[in-house]
Amino acid sequence: MRIDIITLFPEMCEAVLRESIIGRARNKGIVSLVCHQLRDYAHDKHHRVDDSTYGGGMGMLMMAEPIALCFEDLCQTLNTRPHFIYLSPKGTTLTQEKVRELAQYDNLALLCGHYEGVDQRVLDSFVDEEISIGDYVLTGGELPALVLADSICRMVPGVLSDDLCFEEESHYHGLLEYPQYTKPAEWRGQMVPDVLLSGHHANIERWRREQALLETAARRPDLFKMLILDEKDKRFLREKGVL
Ligand code: ADE
């Protein structure tokens with residue numbers, strides 16, 4: 001997986017991407033993340049990338065040409081055309097399902113917007129899709145691009161330890177996570193639930209599923225509605241008054 005990020009703030013992106021799990025995956029060569037300074041593709045003497053909007057209105061727009069030149073240069077360097085995503089509050093809201101879909105690409109390019117947006121013509125000619133990370137507006141596309149890159153990279157085999165990968169794709173799918181505890185067994189008068197200290201793996205698995213069902217029902221009724229429940233689940237949820 002290679003992700004190229006086109007941005008006015010490559011140092012901001014690098015500061016995040018060199019750390020922690022993604023930083024380690026990059027050092028191991030499992031994923032490749034490359035940040036490009038868009039200003040390098042503005043060929044006037046001030047390296048200008050923005051201008052005022054036609055038709056009036058406040059604020060500036062990112063110009064089409066530097067973005068086009070940067071993307072064309074990238075296609076030439078890679079010898080392929082990456083799937084090109086513009087991070088925008090107008091885009092389709094990101095979900096785990098979308099992350100899984102995007103993780104199938106070998107090459108992605110992410111465009112981080114600034115100012116009031118981007119000239120529509122470059123979006124129409126080059127961009128494959130627009131993605132939003134939620135219904136709120138940020139000052140630029142860098143944080144959304146980093147969120148997207150992080151969520152995709154953690155799906156790449158070898159980035160997470162095997163058991164974490166398993167958890168992501170297995171029976172926890174569609175459920176919020178159950179509560180978790182670590183040492184000490186008693187903390188400020190609060191005990192870890194007995195079942196977790198019992199060493200009885202089947203009971204622990206059952207307890208975790210039930211807790212995950214309760215968490216999902218309480219916090220995310222929209223996800224809960226989509227769940228496929230077996231008879232055991234239904235019996236438990238009826239007992240708890242959830243069904
Ligand atoms: N740019 C500004 N806000 C954004 C958002 N919520 N998602 C994606 N890109 C953005």
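If you read the sequence from its start, that first residue is 1, and numbering goes on from there. Whatever order the structure lists them in is the order used to number ligands and atoms, beginning at 1. Side-chain atoms are counted along with the backbone in the values below, which use heavy atoms only and exclude waters and symmetry mates.
- By the ring pair (Phe, Tyr, Trp, His ring centres under 6.0 Å) test, Phe224 pairs with no residue at all, sequence neighbours left out.
- Looking at His43 and Glu65, their side chains never bring a donor and an acceptor atom within 3.5 Å of each other.
- A salt bridge is defined here as a Lys NZ or Arg NE, NH1 or NH2 lying under 4.0 Å from an Asp or Glu carboxylate O, and Lys232 with Asp230 fails to meet this definition.
- For ligand 1, residues of the protein lying within 4.0 angstrom by heavy-atom distance are Leu87, Ser88, Pro89, Ile131, Ser132, Ile133, Gly134, Tyr136, Val137, Leu138, Gly140, Pro144.
- For Met12, the side chain to side chain contact (heavy atoms under 4.5 Å, CB included) test picks out Phe9, Glu142, Leu143, with sequence neighbours left out.
- Phe126 and Phe71 have perpendicular rings, their planes meeting at more than 60° on a 0 to 90° scale where under 30° would count as parallel.
- Partners of Arg238 by side chain to side chain contact (heavy atoms under 4.5 Å, CB included), not counting sequence neighbours, listed by chain and number: Lys234, Leu243.
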